[in-house]
Protein chains: 2
Amino acid sequence: MSKALTPSTQDYLEVILQLSENNHSTRITDIANALNITKASATQAIDTLINEKMVLKEKYGPVSLTKKGELAALKVKKMHKIIREFLVTVLQVDADIANKDACLIEHVISPQTIAGMIAFLEKGNYQISSDLNLKKAAELLKSDL
Amino acid sequence: MSKALTPSTQDYLEVILQLSENNHSTRITDIANALNITKASATQAIDTLINEKMVLKEKYGPVSLTKKGELAALKVKKMHKIIREFLVTVLQVDADIANKDACLIEHVISPQTIAGMIAFLEKGNYQISSDLNLKKAAELLKSDL
DNA sequence: TAAATAAGTTAGGTAAGCCTAACATTTTTT
DNA sequence: AAAAAATGTTAGGCTTACCTAACTTATTTA
């Protein structure tokens, strides 16, 4: 049985997804740098994600997401995006601060509150950043985390 | 030097304040019940708050907040109230869910985002619950956490 | 007031998530 | 290809925040 992901492991998934979008191959060092932790900690965290069948990796090799891991990562990313968007457009929070807050809030917020943000963004006449597809986001969030 | 409070210790302060508002004396058992943890855990957590000069307590006696502890608790309470109010009135989240979310968000949100919520509540024509004084709240949050 | 119950404490244990230091492997450079 | 540098792993430690079990102290009640 797969356990609920912790905030920490969700962060790992998120950066692995991001790194794999930008770069060819994702390495322990990249992850450690992105999260500002040591390589030892990254190795350890990746091990638990491997046990959860979320990532694939051979010894000394690069890290990649499984389908399951990618889905989970996409969910986290969507949450992040919605929250950030909401903070920036509705609450007028500076982009970098909004980003940090989103990173923390995304792990603790309820589906209802996220839904509220989505609804608010949809009906309001705020400028939505182009790559935020709210319909898709709402869909994704229906599946359980 | 007093350390930054963790989310957990902030929760303790919050319930101690709440319990001391309702009841005459606040006991370890009350705190443990309110937070759904064992008495042993409560005892331990209270010990760290005693070291931080946030609460007073004699062996086997009741728990009370110091001035310092009360101030800290009031700040957390204000944060909680603002967030809950925002979720309920702006995002139309159910009261109980809003309450749970506020409890988690209050520990991770930036001053800017809280300020954004306050500003939004102030200018919007939402019904604000009577005991939420936004001016006072904004003041309180200026002092460092 | 003695026995029963409730309240509080202490000791020892667990899990997450980080760390450093030492070591192993791989890649790069000369 | 050998040496140097970078990368990854392992072992052992620390802190927070919980837990259970056993015990002590206080309160209630028969």
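Computed from heavy atoms alone, side chains included, the values below leave out hydrogens, waters and symmetry copies. Bear in mind the structure is a predicted one, so any value in this text is a computation, not a measurement. In the text below, chain A, chain B and the rest are named by the order of the sequence lines, each starting its count at 1.
- Pairs engaging residues 89-98 of chain A under the salt bridge (Lys or Arg N to Asp or Glu O under 4.0 Å) rule: none recorded [sequence neighbours left out].
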Requested in this report: Show your reasoning for whether side chain to side chain contact (heavy atoms under 4.5 Å, CB included) applies to M54(A) and L5(A).
Outcome: CA-CA 10 Å; M54(A) 296 277 187; L5(A) 296 174; 3.9 Å; yes

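- M117(B) contributes atom CE, which lies 11.5 Å from atom CD of E85(B) (distance to the nearest 0.5 angstrom).
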Query - Per-nucleotide protein contact string for nucleotides 9-16 of chain C, where B marks a base within reach and S marks sugar-phosphate only (heavy atoms under 4.0 Å, - for neither) - result: BB------

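- For K67(A), the salt bridge (charged side-chain N to carboxylate O under 4.0 Å, His left out) partners are E70(A), not counting sequence neighbours.
- Distance check: Y12(A) OH to I37(A) CD1 gives 2.5 Å after rounding to the nearest 0.5 Å.
- Atom CD1 of I37(A) is separated from atom C1' of dC19(C) by 11 Å (rounded to the nearest Å).
- Mapping R27(A) and T9(A) onto DNA chain C by nearest heavy atom places T9(A) at the nucleotide closer to the 5' end.
- Under the side-chain contact (heavy atoms from CB on, under 4.5 Å) criterion, I28(B) pairs with K39(B), A42(B), T43(B), I46(B), K57(B), V63(B), sequence neighbours left out.
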**Report entry** Pair E14(B)-L35(B), side chain to side chain contact (heavy atoms under 4.5 Å, CB included): steps then yes or no
**Finding:** CA-CA 10 Å; E14(B) 208 172 358; L35(B) 289 171; over 6 Å; no

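- In this structure, CG in L87(B) is found 9.5 Å from CD in Q112(A), a value given to the nearest 0.5 Å.
- Separating the CD1 atom in I31(A) from the CG atom in L19(A) is a distance of 6.5 Å, to the nearest 0.5 Å.
- Protein chain A touches strand DNA chain D; the 5'-most and 3'-most nucleotides with an atom under 4.0 angstrom of its non-hydrogen atoms are dT7(D) to dT10(D).
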Can you give me the N/O atom pairs linking the protein to nucleotides 3-5 of chain C at distances under 3.5 Å, or say none if there are none?
none

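- Paired with V55(B) under the rule side chain to side chain contact (heavy atoms under 4.5 Å, CB included), one option of T9(B), I16(B), T66(B) passes, and it is I16(B).
- Among the atoms of the strands shown, only primed sugar atoms or phosphate atoms (P, OP1, OP2) are found under 4.0 Å from some heavy atom of T29(B).
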